[in-house]
Number of protein chains: 2
Amino acid sequence: MNPEVPTNCLPAELVSRTGFLLGRLGMALKTQMMEAFEAEGFSAYQYSVLALLDEGPRTAQAAIADALQFDPSQLVAMLDALESRGLIERKRDPNDRRRQMVSLTAAGKRQLAAFRKLVQRIEDDFLEPLDEDERRELHELLLRVAVQRDARYVLPVAAKS
Amino acid sequence: MNPEVPTNCLPAELVSRTGFLLGRLGMALKTQMMEAFEAEGFSAYQYSVLALLDEGPRTAQAAIADALQFDPSQLVAMLDALESRGLIERKRDPNDRRRQMVSLTAAGKRQLAAFRKLVQRIEDDFLEPLDEDERRELHELLLRVAVQRDARYVLPVAAKS
DNA sequence: TATTGTTATACTCTATAACTATA
DNA sequence: TATAGTTATAGAGTATAACAATA
C-alpha cells in the first residue's frame, strides 16, 4: 500500500474549477472563523457589527442590518449580547422614539482590537502558502469580482488620513 | 440626494480582509450554483457525483461520500434521484452483497456534459471582471491554499494522456 | 395607516442515531 | 460482532410572520 497517496482524491474536474475552490475555501474559512469566535464566547457576526460601528455610530438598527445584509430580527440578539457585555450602547432617538441609536463603547473598541488580532491570526494561517505579494494579488482579484457583483464593496477612495 | 453613492457601504475594515471577501464570494457563488441547478430540477451536489463517477465507477457508495466529503446518509437521496432518472446505475457487489457498485450510464454522461455548460456559464458570469490570465492566476492561488489545507486537492500529475 | 424594533413561528438543512441486510 | 447502506429523528440555523410601540 501507499499511505502517502490519498486514494479518495477529489475529481480533477472539480479541482480545476475556480468556482468549486472558491465555494469550498470560502465555506472552510467561514467555519473556522465561526468556531474561533465561538470558542471565545462570541460570534463572528459580532465582529462585523463592531467593525461597522467603529466607522461611526448608526442612527437606527435597520442601518446596521442593511449595511451588513443581516436579517433585522436576527440582529436583535446580536446587539443584545453586545450590549449586555457593555460593548455597544443603544439609545432611543428623542426625535423618533422608535429608532435605536447604536454606538461603540470604549470597552467595545478594546474588544474590537482583540477581534482584529484573532481574525488576522486565522487569516494568516489560512493563507500561509502565499507570500505577501500573492496575498495582495488574491485580495485585488477577489475585490474586483466583489465590486462587480455589489457596488457596496467599493473601498472609500481616501480611507486613510 | 445622490442615488449613485450607496449610503450603506460595507465597513472598509471588512472589505480589506481577504478572508471576508473569500467567505462572502464563496457563499454567493455557491448559492447561485444551487439555484441554477434547482431551476433545472437538479442539485449542484449531483453534478459533483457525476463528475466523480466520470473518472471511473466506484466499488461502494462510501467511497463517493468519502471523496466528496458528503454525509453517507445524505448521499443516498442523491443517488436515488440520479438512479431514478437513469443517470447512474447501482449494482450489488456479488462478492459482498452489502456493497453497491455505482457507475455512470450513457445518459449520465450526456447529462454531465450539459451540467458542464451550466457551470461554465455561471462561473464565466461570476468572474466576468477578470480576463483569462487573471482567472488562471486566481485559480492557481486558490489551489495552492486548498492543497495546503487538504492534500486531496492535488491535481493528478498527468491528467491528460 | 406605516414604520421600528422585537418576539414567535415555521421551515430547511445538516448531523446523529437507530435499523436492516449482509458478512 | 462489525460493516454498508438506509431510514428516522433531533438540532441548529435561517427565514417568515405576527406583535407592540411610536409616528
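Each chain gets a letter, A, B and so on, in the order its sequence line appears, and its residues count up from 1.
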Legend entry - Parallel, tilted or perpendicular: rings of A:Phe115 and A:Tyr47 (30°, 60°): perpendicular

Inset, instruction - Check whether the side chains of A:Arg99 and A:Gln61 place a donor and an acceptor atom closer than 3.5 Å, and report yes or no. - result: no

Inset, instruction - Enumerate the residues from residues 61-70 of chain A whose closest heavy atom to DNA chain C is under 4.0 Å, giving them by residue number; use none for an empty result. - result: A:Gln61, A:Ala62

Inset, instruction - Let me have a per-nucleotide readout for nucleotides 7-20 of chain D, 5' to 3', with B, S or -, counting only protein heavy atoms under 4.0 Å. - result: B------S-B----

Legend entry - Donor-acceptor contact below 3.5 Å, side chain A:His139 vs main chain B:Val15: yes

Legend entry - Ion pair check, B:Asp124 and B:Arg135, cut-off under 4.0 Å: yes

Legend entry - Side-chain H-bond candidate by donor/acceptor type, B:Gln46 with B:Arg85, under 3.5 Å: no

Inset, instruction - Nearest whole angstrom, please: distance from the P of D:dA23 to the CG of A:Asp93. - result: 9 Å

Legend entry - Backbone of B:Asp131 reached by a side-chain donor or acceptor of B:Glu134 within 3.5 Å: yes

Inset, instruction - Rounded to the nearest angstrom, tell me the gap between atom CZ in B:Arg92 and atom P in C:dT20. - result: 15 Å

Inset, instruction - In whole angstrom, give the distance that lies between atom CG of A:Leu75 and atom P of C:dT6. - result: 8 Å

Legend entry - Pairs meeting criterion salt bridge (charged side-chain N to carboxylate O under 4.0 Å, His left out) with involvement of residues 12-30 of chain A, two or more places apart: A:Glu13-B:Arg116, A:Arg17-B:Glu123

Inset, instruction - Check whether any side-chain nitrogen or oxygen of A:Arg90 sits under 4.0 Å from OP1 or OP2 of C:dT6, and answer yes or no. - result: yes

Inset, instruction - Give a yes or no on whether a donor-acceptor pair under 3.5 Å exists between the nucleobase atoms of D:dT3, that is its base, and the side chain of B:Arg98. - result: yes

Inset, instruction - Decide yes or no, distance alone: a donor-acceptor N/O pair under 3.5 angstrom between the base of C:dT4 and the side-chain of A:Arg99. - result: no

Legend entry - Closest nucleotide among D:dT22, C:dG5, C:dT22 to the B:Arg97 side chain: C:dT22

Legend entry - Exercise: identify the closest heavy-atom pair between A:Leu52 and A:Ala67: CD1-CB, 4.0 Å

Inset, instruction - May I ask you to say whether B:Arg144 pairs ionically with B:Glu140, meaning some side-chain N is under 4.0 Å from a carboxylate O? - result: yes

Inset, instruction - Could you tell me the separation between the CD atom of A:Glu83 and the P atom of C:dG5, rounded to a whole number of Å? - result: 13 Å

Inset, instruction - Can you tell me the distance, in whole Å, between the CD atom of B:Gln100 and the P atom of C:dA21? - result: 14 Å

